[in-house]
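Here's the structure, in structure tokens; my notes come after.
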Amino acid sequence: MNTPLISLQNIYKIYGSGVTEVRALSDVSLTIERGEYCSIMGPSGSGKSTAMNVIGCLDSPTSGKYFLDGENVANLEERELAHIRNRKIGFVFQQFHLLSQLTALENVSLPMVYAGTPPAERQKLAAEALDRVGLGERMNNKPTQLSGGQQQRVAIARAIVNRPLLLLADEPTGALDSQTTQDVMAIFEALNQAGITVVMVTHEAEVARLSHRVIWFRDGEVLNDHLAPEEIGQVTAVG
Amino acid sequence: MDLTESLKMAFKTLTVNKLRSGLTMLGIIIGNASVIAMVGIGEGAQKYITEQLQTLGPNVMFIIPGSRETRELGGLEVPRNLVVADAEAIASQVPSVVGVAPEYSTQSLVIYGNRNANVSVIGTNEDFPRVRSFEVAQGRFIRELDLNSHSQVAVLGSSLAERLFDQNLPLGRRVRVKGVSFEVVGVLKEKGSNLGLNYDDAVIVPITTLASRLVGRRRSPYGIEVTYISVSAKDQESMKTAEFQITNLLRLRHKVRNGDDFFINSQDTLLTIANTITGALTLMLAAIASISLLVGGIGIMNIMLVSVRERTQEIGLRKAIGASQQDILIQFMIEAVILSAAGGVIGTLVGVSGILLISALFPFEAGVSIMAIALAVSVSGGIGLFFGVVPARQAAKLDPIVALRSA
């Protein structure tokens with residue numbers, strides 16, 4: 001397919017109205033091709049989180065068009081957005097957001113429960129995904145029995161288990177130490193090599209440098225959408 | 001997501017927090033158990049009273065002196081205007097009647113040797129056993145001859161006979177009542193207490209003897225007065241006719257101008273009265289018990305609201321990985337319904353065992369009403385649905401972004 005995976009066209013996201021109006025996103029246009037590995041950066045309040053929510057179909061833009069995998073999803077119903085999140089997008093969060101009463105395997109299976117995958121197949125695919133992030137041995141552990149890095153790897157396995165087109169990570173290394181940060185980044189790299197598009201919001205320059213492209217937000221606008229990772233320092237200085 | 005998955009998920013969540021789930025269910029358990037137990041007790045009481053009334057005798061009616069008004073006023077001066085002659089007139093002139101037994105009862109000490117007992121002394125005639133369904137265990141009952149000749153004979157109730165004579169044969173022995181000696185000619189079969197009257201603990205003598213030898217001074221100018229007259233109709237169908245004929249006859253005999261000076265209670269009217277009272281009682285008990293069911297439902301809503309608040313992150317995550325609002329709504333609804341339905345089932349078991357316990361401990365059998373069970377279980381399930389809606393909707397409407405951010 002030739003269409004880009006993500007194409008934001010004149011996206012506005014406005015909260016409130018009149019004097020209290022806040023433009024979280026203002027005329028944002030952005031294209032991310034299939035197979036890219038990019039970071040979204042910017043100071044807090046720059047709109048990067050809002051952009052990520054729109055890209056992740058967690059939030060609808062006030063106006064503009066958003067083509068995901070060639071389909072305009074800007075004005076879809078809640079139900080259809082849930083379906084897209086389930087099938088096309090995998091989320092990784094700073095806080096992992098694993099369900100504490102479930103084992104690693106059950107946590108990874110959860111997206112497939114909502115997808116309607118039969119139980120036997122769920123078991124198999126979840127085990128495969130855990131193998132892929134190097135946690136094949138710890139499937140039956142509960143999150144509290146795992147380290148932070150391991151928990152984030154379970155979360156990554158959960159994000160990729162439905163074979164999404166897009167892996168969306170919100171500060172994925174924010175709660176990790178430097179060693180486990182490298183492990184997680186290595187997994188992202190490997191997943192990207194395997195063809196998954198990775199988009200990651202981060203404020204850590206060292207992490208962003210490991211991606212192949214950096215998109216810089218400021219005041220709800222895209223300041224630079226094709227920054228090479230080496231140039232991050234200069235922008236930060238300006239920014 | 002299909003329903004079995006939702007069910008599995010809900011069970012998992014509820015079993016994680018066993019204590020809380022148990023306590024939440026407790027409200028419904030108590031509510032349900034009390035509805036079933038209360039309705040059971042009410043129905044048992046109704047059945048008990050009905051049975052009691054039926055042991056009064058087949059197709060029996062009671063003619064009681066005094067107008068309803070005077071009795072309702074407290075009956076300070078209940079006119080003693082029903083006499084043995086009235087009973088005789090009914091027996092000879094009302095064709096739909098097969099037995100007429102006048103009764104006069106008084107309380108007195110009965111003495112045998114060095115033993116005594118303070119019991120009811122009842123004067124009646126030879127029709128008494130037939131009208132009131134009594135059987136003679138030993139000897140014989142009072143005969144017409146005894147009445148005509150004012151014989152000093154007595155028939156003892158079963159427990160009185162035991163108290164006075166132990167294992168000895170009472171027949172042929174003499175007991176003393178108010179200084180008058182009576183020969184014991186018979187002993188009644190045990191019948192048990194019946195609407196407060198216990199003939200097992202009574203001595204029965206000819207009404208003529210009672211009037212002339214024991215309470216003679218209180219004789220009314222119209223003849224030998226009676227406490228009431230029991231009448232047995234030919235069959236169920238002739239009850240109404242008999243009541244009508246007796247009313248007419250007594251009005252004539254008593255020269256009634258305005259307002260009867262007697263009234264007739266049939267087994268039917270007594271049953272109707274009793275059923276009305278016990279029915280109202282059952283309803284009241286059920287209503288009170290329903291309140292606890294309602295409170296239990298509110299308890300479920302309360303806990304579910306707390307649960308939604310506690311699980312905002314979980315809800316946010318579920319939405320992010322593809323749960324629709326409907327999925328979340330169903331998940332929380334199912335949790336509420338499982339809590340209330342399980343509470344309903346457990347409550348039913350508790351209620352039914354309570355009923356069995358009551359039946360074992362008390363003289364009447366409390367009924368396990370299938371209707372009450374069906375009602376209580378479906379109502380508690382419905383309560384789960386009803387009180388689950390608000391928290392579930394709250395959960396479903398949560399914005400995933402906000403939910404994920406809440407720490």
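Below, chain A is the first sequence line, B the second, and so on; all start at residue 1.
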Listed once per pair and sorted, the side-chain hydrogen bond (donor to acceptor under 3.5 Å, both in side chains) pairs that draw on residues 336-351 of chain B, sequence neighbours left out:
none
Tell me, side chain or backbone of A/Leu99 under 4.5 Å from chain B's heavy atoms, or both, or neither?
side chain
Should we count CD of A/Glu77 as having more than 12 external heavy atoms under 6.0 Å?
no
Is A/Pro164 close to chain B through its backbone or its side chain, or both, or neither, when contacts mean heavy atoms under 4.5 Å?
neither
Is the closest side-chain donor-acceptor distance between A/Thr180 and A/Asp177 under 3.5 Å?
yes
The interface call for A/Arg87 against chain B, heavy-atom contacts under 4.5 Å, is neither
Residues 376-402 of chain B vs side-chain hydrogen bond (donor to acceptor under 3.5 Å, both in side chains), sequence neighbours excluded, gives B/Asn32-B/Ser380
Part of A/Leu98 within contact of chain B (heavy atom distance under 4.5 Å):
neither
A/Asn162 versus chain B, heavy atoms under 4.5 Å apart: side chain, backbone, both or neither?
neither
Toward chain B, the part of A/Gln94 with a non-hydrogen atom under 4.5 Å
neither
Name the member of A/Gln101, A/Arg79, A/Glu78 that forms the most heavy-atom pairs with chain B at distances under 4.5 Å.
A/Glu78
Closest-packed option against chain B by number of heavy-atom pairs under 4.5 Å, given A/Glu80, A/Arg85, A/His83:
A/Arg85
Do A/Lys88 and A/Asp69 come within less than 4.5 Å of each other through their side chains, counting heavy atoms only?
yes
For the residue pair A/His97 and A/Phe93, does the interplanar ring angle fall in the parallel (under 30°), tilted (30 to 60°) or perpendicular (over 60°) class?
perpendicular
Under a 4.5 Å heavy-atom cutoff, which of B/Ser324, B/Pro400, B/Gly322, B/Gly316 has the most pairs with chain A?
B/Gly322
Between B/Glu314 and B/Arg318, does any NZ, NE, NH1 or NH2 come within less than 4.0 Å of an OD or OE carboxylate oxygen?
yes
